[in-house]
Amino acid sequence: MEKKIVNNYGSFDVVFVKGNGATLTDRNGKEYIDFIAGIGVNSLGHNYAPLVQAVQRQAARQIHISNYYLSDVGLEFADKLLAATGFTRGYFGNSGAEANEAAIKLARKYGYLNGGEKRRVIYTLEQSFHGRTIATLTATGQEKFHPACFAPYVDCFKTIKPNDWEAIKTAFDDTTAALFVECIQGEGGVNLLDPAWVKAAADAARAAGAIVMADEVQTGMGRTGSLLACDPLGFEPEVVTLAKGIAGGVPMGACLFRGKAADVFVAGDHQSTFAGNPLACAAGLAVLEAMTAPGFMERVNSAGDRMRRTIQNWHLPVVTDVRGRGLMIGTEIIPEIKPFDIEKACMDEGLCVSIAGSHTIRFLPPLTISDDEISRGLDIFRRVLETF
């Protein structure tokens, strides 16, 4: 392991030098099937020609100009992203945590403008994950992300249990600024939400005077087989946050607004030096063009269905559940086995996966993954599982 980089990530002792599609190559020439895609970031895979060309063209024209000014490519991307998602205004950032910080600040200001100092509470869901800043850590509904060494945390965050019908009857009142929903809980274990429950929770929050926000940092931009995961759930949030796959590997995030949230922010409320730079926007345009092409989402859904069905049909005793939507897939493992041992064994055999929750192996492969790469990756995964 290279010792000059602080190992905050518990990184594996492997150095990748190139990639193509859903295949990575390390500096020793060994190939790996990539079922994690940079934690959902490399949405179009590695070395996707239209994306590479878009970045090269833009780098030769203009990389950064600051937000004192506007760029042509930034305006074009904003127009097309808003049209595709059904939102009316937006803010560009650099990451998912930054997008969620923007949403949190917007919710706090909305609450203040529509109820004064008492309307500050933001509800999130148990087992959610919203980021690594102090505010987004506090919003995260998992106690393991709240160690004492980072205290004190931000006040006025509360959680409710997902899919709990009793909880939403009494949770929201005139102190509630927003309900913040992670449409599928990725870090929590690829946990699905009941659409009827989400809609009822959103209705209850709005009835109390709050806005509803969707964290689509991981689920958005085609990951779950639709451009936004909130659309099939049907709760129509006023705010949605995006990042990870939005620019195919170039750092970018976005916070989109509509309805009661559209005009909350004014000049000076939230800013970022690198946000929405022309290079990232050019990459975002290339990604959006690919994802809105005919047949793209159908392919994502069919590939995901194939992967889940294949694992289910193995009927292996170490697997207790296979769940997900699109190409966001969780394979739950019996508690007697440490998921890290499976992750490490997969890595040794040439397959990149990740852990989510307590006992779940998570797949977030490139949305462009080929049938052959799916087969090769699943073959490795089955061989590994059969050794436990």
Side-chain angles (χ1 to χ4, degrees), residues 40 81-82 84-88 90 96 99-100 103 107 122-130 139-141 159-169 171-172 176 178-208 210-246 254-261 291-292 296-298 300-301 304-305 308 321 323-330 356-357 362 364 367:
L81 181 63
L82 292 171
T85 57
F87 285 77
T88 58
N100 284 345
I122 298 173
Y123 272 93
T124 62
L125 305 187
E126 293 178 12
Q127 297 305 307
S128 63
F129 180 84
H130 296 287
T140 293
T159 60
I160 57 174
K161 186 177 180 180
N163 301 329
D164 184 338
W165 287 87
E166 289 300 315
I168 61 177
K169 292 179 180 179
F172 312 114
T176 308
L179 169 65
F180 201 7
V181 176
E182 191 182 11
C183 295
I184 296 177
Q185 296 178 327
E187 292 292 334
V190 192
N191 304 319
L192 304 181
L193 301 180
D194 174 3
W197 182 87
V198 178
K199 190 174 185 306
D203 289 345
R206 291 188 179 107
I211 57 172
V212 178
M213 311 192 298
D215 179 342
E216 296 237 30
V217 168
Q218 189 169 142
T219 59
M221 299 309 294
R223 174 54 54 188
T224 63
S226 56
L227 195 60
L228 298 180
C230 62
D231 289 341
L233 289 175
F235 66 104
E236 299 182 346
E238 284 81 27
V239 179
V240 67
T241 58
L242 301 167
K244 290 195 182 293
I246 191 173
C255 189
L256 309 183
F257 323 120
R258 62 186 171 193
K260 293 183 290 185
M291 290 189 180
T292 53
F296 187 92
M297 293 303 171
E298 288 80 2
V300 171
N301 282 307
D305 290 344
R308 288 189 295 274
D321 190 24
R323 56 183 175 266
R325 188 171 295 124
L327 282 169
M328 184 175 184
I329 300 166
R362 176 180 50 174
L364 299 169
L367 305 182

Under a 4.5 Å cut-off applied to non-hydrogen side-chain atoms, are N163 and N191 in contact?
no

Kindly state each residue pair satisfying salt bridge (Lys or Arg N to Asp or Glu O under 4.0 Å) with at least one member in residues 189-206, sequence neighbours excluded.
K199-D203, R206-E238

Specify the closest pair of heavy atoms between G186 and A356, including all atoms of both residues, with the distance to one decimal.
O-CB, 3.2 Å

Show the nearest heavy-atom pair for residues D215 and F180, with the distance to one decimal.
N-CE1, 3.6 Å

Just by distance, do the side chain of E216 and the backbone of C230 share a donor-acceptor pair under 3.5 Å?
yes

Interatomic distance, I160 atom CD1 to L125 atom CG [nearest 0.5 angstrom]
5.5 Å

Note: L179 and A205 closest approach over all heavy atoms is CB-CB, 3.9 Å

Just jot down the side-chain contact (heavy atoms from CB on, under 4.5 Å) partners of E298, sequence neighbours excluded, or say none.
none

Non-neighbouring partners of T159 that pass side-chain contact (heavy atoms from CB on, under 4.5 Å), sequence neighbours left out
T124, E126

If you take all heavy atoms of A107 and I211, which pair is closest and at what distance?
CA-CD1, 4.3 Å

Heavy-atom distance under 4.5 Å between the side chains of C183 and Q218, does that happen here?
no

Any sub-3.5 Å donor-acceptor pair from T88's side-chain atoms to F257's backbone N or O?
yes

Which pairs pass salt bridge (Lys or Arg N to Asp or Glu O under 4.0 Å) with one or both residues in residues 223-233, sequence neighbours excluded?
none

Expected output: side-chain R308 to main-chain I329 donor-acceptor under 3.5 Å:
no

Out of curiosity, E187 CD to Q127 CD, how far, rounded to the nearest 0.5 Å?
11.5 Å

Who pairs with I184 by side-chain contact (heavy atoms from CB on, under 4.5 Å), at least two apart in sequence or on another chain?
V190, L192, T219, T224, R325, M328

Partner residues of Y123 under the ring pair (Phe, Tyr, Trp, His ring centres under 6.0 Å) criterion, sequence neighbours left out
F172

Heavy-atom pair with the smallest gap, counting every atom of A200 and W165
CB-CZ3, 3.5 Å

Can you tell me how far apart CE (M291) and CG (L227) are? Round to the nearest 0.5 Å.
7.5 Å

Quick check against the 3.5 Å criterion: does E182 have a side-chain atom that pairs as donor or acceptor with the backbone of F129?
yes

For I246 and M221 the tightest heavy-atom approach is CA-CG, 3.8 Å

Between S226 (side chain) and L228 (backbone), is there a donor-acceptor pair under 3.5 Å?
yes

Determine, stepwise, if the pair L256 / T85 fulfils side chain to side chain contact (heavy atoms under 4.5 Å, CB included).
CA-CA 9 Å; L256 309 183; T85 57; 3.6 Å; yes

Heavy-atom side-chain contact between C255 and V239 under 4.5 Å
yes

Would you indicate whether the side-chain heavy atoms of Q185 and S128 approach each other to under 4.5 Å?
yes

Find the distance between CG (N301) and CG (L367) and round it off to the nearest 0.5 Å.
10.5 Å

Would you call K161-E166 a salt bridge at under 4.0 Å N-O?
no

